[in-house]
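To start, the structure itself, in structure tokens.
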Amino acid sequence: MIHTIELQLGKLGPFVAPASKEALKSSLSSSGFAYLALPGGLRSLPANVLREGRIFLGEADDQAKSRVETIDGSQKRGFYRFSGTTDTGVQCFNIGREATHPEKFRQAYFESIDSPTELWMEASSRRNKWPNEYPKLRPACLDYFNFAHQAAMSVLSSIDLPSTFAHGNADSELEVKLYPGVSTGSEDRFRDHIDLTSVSLLIQDKTAGLEIFLEDFNQWVKVGMETKDTPHGRRFSSTYQVCVFLLCSNAMQATNCDEKILCIVGRFGQMMSIGQFRAGVHRVASAPNEGTRTSAVFFCTPDWHYQLPDGSQVGDHMPLQF
Ligand SMILES: O=C(O)CCC(=O)C(=O)O
Ligand SMILES: [Fe+2]
């Protein structure tokens with residue numbers, strides 16, 4: 001069962017009310033997923049990051065993109081073209097925590113494994129890249145990054161997992177992806193996987209595309225945006241709502257359709273909880289004739305030197321940086 005948790009707005013940012021803890025635990029342990037509903041005062045944050053990301057990725061010319069592009073290595077910052085999928089044409093804009101010396105975040109890890117500096121320094125010191133021509137992108141991304149970090153910390157502490165202690169560097173990533181429309185619906189755009197995160201927070205602006213696997217039902221379900229019937233036909237009711245359409249044989253049933261963020265347990269969330277919380281398997285399928293889709297995922301990542309219950313460090317699980 002996927003529960004919806006109302007986030008509250010406190011002085012220090014968004015938080016999960018104590019009364020919602022059990023529902024959140026039950027949702028993340030049974031399915032690996034939960035919805036976070038936003039109070040009105042915070043709803044512009046996801047809307048802004050999707051809008052500014054969509055404008056940059058959809059409208060900037062190749063030159064503007066190439067000025068903030070990362071081509072090589074697994075540590076992406078700024079613009080890059082997504083590969084490693086059957087689909088071409090997916091474009092991304094990636095940021096980490098804004099910092100002058102981001103290599104400091106991973107230094108303790110690399111030193112603990114005696115890794116020669118020249119092997120990790122270059123990739124780990126990559127800073128955020130902001131396109132000058134799109135000045136609204138930076139505040140939209142940074143505001144959302146800060147919000148998402150706070151929200152993730154509150155989610156983790158509510159379910160009794162290490163929060164700020166394990167995420168002191170806030171060495172997380174925010175990635176906006178633009179999936180151009182397709183006319184055929186056969187291929188997966190992003191194959192099924194779990195994320196290398198403690199939790200991921202996902203928003204999207206289109207009904208079609210994201211699918212999550214519900215183990216208990218042995219079924220893929222579509223996560224979409226609410227549609228409303230109007231005299232002029234069906235239309236989307238907001239830019240980033242997510243809801244689940246259960247793939248029932250006789251009816252597509254929409255549930256949980258308000259201003260929501262999908263919270264997904266990642267591999268580290270599962271490991272930190274010694275399996276109490278299930279990592280959520282998800283994928284992006286192509287949705288023919290649905291037009292362009294934009295998503296933004298906050299990949300909440302523990303510090304690389306953080307030691308997991310099995311004795312490994314978080315960094316041991318990360319793809320090579322060079
Ligand atoms: O674009 C999406 O909705 C999902 C992308 C995703 O799962 C990922 O980047 O890990
Ligand atoms: Fe993912």
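- Between Pro39 and Gln8 the shortest side-chain heavy-atom distance does not fall below 4.5 Å.
- Of all heavy-atom pairs between Ala296 and Val49, the closest is CB-CG1, 4.1 Å.
- Between Arg278 and Asp216 there is a salt bridge, since at least one side-chain N of the basic residue sits less than 4.0 Å from a carboxylate O of the acidic one.
- Ion pair Glu133/Arg67 flagged as a salt bridge, since at least one NZ, NE, NH1 or NH2 atom sits closer than 4.0 Å to an Asp/Glu carboxylate oxygen.
- Contact annotation: the side chain of Asp143 never approaches that of Asn48 to less than 4.5 Å [non-hydrogen atoms, C-beta and beyond].
- Inter-residue side-chain proximity for Leu174 and Val297 is flagged as unmet; no heavy-atom pair is nearer than 4.5 Å.
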Practice prompt. For Phe268 and His317, run ring pair (Phe, Tyr, Trp, His ring centres under 6.0 Å): C-alpha distance rounded to whole Å, both residues' side-chain angles, the deciding distance at 0.1 Å, then the answer.
Written response: CA-CA 9 Å; Phe268 301 126; His317 301 267; 5.7 Å; yes
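- Taking 4.5 Å as the limit, every side-chain heavy atom of Cys263 sits out of range of all side-chain heavy atoms of Phe33.
- In this structure, Tyr35 and Ser27 have side chains that are not in contact, with every pair of non-hydrogen atoms separated by 4.5 Å or more.
- Evaluated for a side-chain contact (heavy atoms from CB on, under 4.5 Å) with Glu211, the options Lys222, Gln219, His282 yield exactly one hit, Lys222.
- In this structure, Val265 and Ser200 have side chains that are not in contact, with every pair of non-hydrogen atoms separated by 4.5 Å or more.
- Aromatic ring centres of Phe190 and Phe82 lie closer together than 6.0 Å.
- A donor and an acceptor atom, one from each side chain of Gln313 and Ser112, are located under 3.5 Å apart.
- Side-chain contact of Ser172 with His149: a donor-acceptor pair under 3.5 Å is absent, judged by distance alone.
- Partner Trp220 forms a side-chain contact (heavy atoms from CB on, under 4.5 Å) with one of Asp192, Leu214, Ile212 and no other, that one being Asp192.
- Both Leu36 and Phe145 sit in one connected hydrophobic cluster of ILVMFWY residues. Membership requires side-chain heavy atoms under 4.5 Å apart, directly or through other members.
- Shortest non-hydrogen contact noted between Trp120 and Ser115 is NE1-O, 3.3 Å.
- In summary, the side chains of Lys25 and Gln276 do not present any donor paired with an acceptor at a separation below 3.5 Å, with no hydrogens or angles considered.
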Could you give the side-chain donor-acceptor pairs of residues 93-103 under 3.5 Å, partners two or more places apart or in another chain?
residue: Asn94; atom: OD1; partner: Arg77; partner atom: NH1; Å: 2.8
residue: Asn94; atom: ND2; partner: Glu173; partner atom: OE2; Å: 2.9
residue: Asn94; atom: ND2; partner: Glu175; partner atom: OE1; Å: 2.8
residue: Arg97; atom: NH1; partner: Asn169; partner atom: O; Å: 2.6
residue: Glu98; atom: OE1; partner: Asn128; partner atom: ND2; Å: 2.8
residue: Glu98; atom: OE1; partner: Trp130; partner atom: NE1; Å: 3.3
residue: Glu98; atom: OE2; partner: Trp130; partner atom: NE1; Å: 3.4
residue: Glu98; atom: OE2; partner: Arg138; partner atom: NH2; Å: 2.6
residue: His101; atom: ND1; partner: Glu103; partner atom: OE2; Å: 3.0

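- For Phe298 and Tyr144, the gap between ring centers reaches or exceeds 6.0 Å.
- Residue Leu7 is grouped with residue Leu50 when hydrophobic side chains (ILVMFWY) are merged at heavy-atom distances under 4.5 angstrom, including chains of intermediate members.
- Taken together through direct or relayed side-chain contacts under 4.5 Å among Ile, Leu, Val, Met, Phe, Trp and Tyr, Leu42 and Phe15 form parts of separate hydrophobic clusters.
- Checking each of Asp303, Asp171, Asp316 against Tyr109 for a side-chain contact (heavy atoms from CB on, under 4.5 Å) leaves exactly one that passes, namely Asp316.
- With sequence neighbours excluded, the residues that form a side chain to side chain contact (heavy atoms under 4.5 Å, CB included) with Glu118 are Pro116.
- Between Arg293 and Leu178, the closest side-chain pair of non-hydrogen atoms is not below 4.5 Å.
- No side-chain heavy atom of Val284 sits under 4.5 Å from any side-chain heavy atom of Val90.
- Using a distance-only test at 3.5 Å, with no hydrogens or angles considered, a donor-acceptor pair links the side chain of Lys76 to the main chain of Gly73.
- In terms of the side chain to side chain donor-acceptor pair (under 3.5 Å) criterion, Tyr134 has no residue partners (sequence neighbours excluded).
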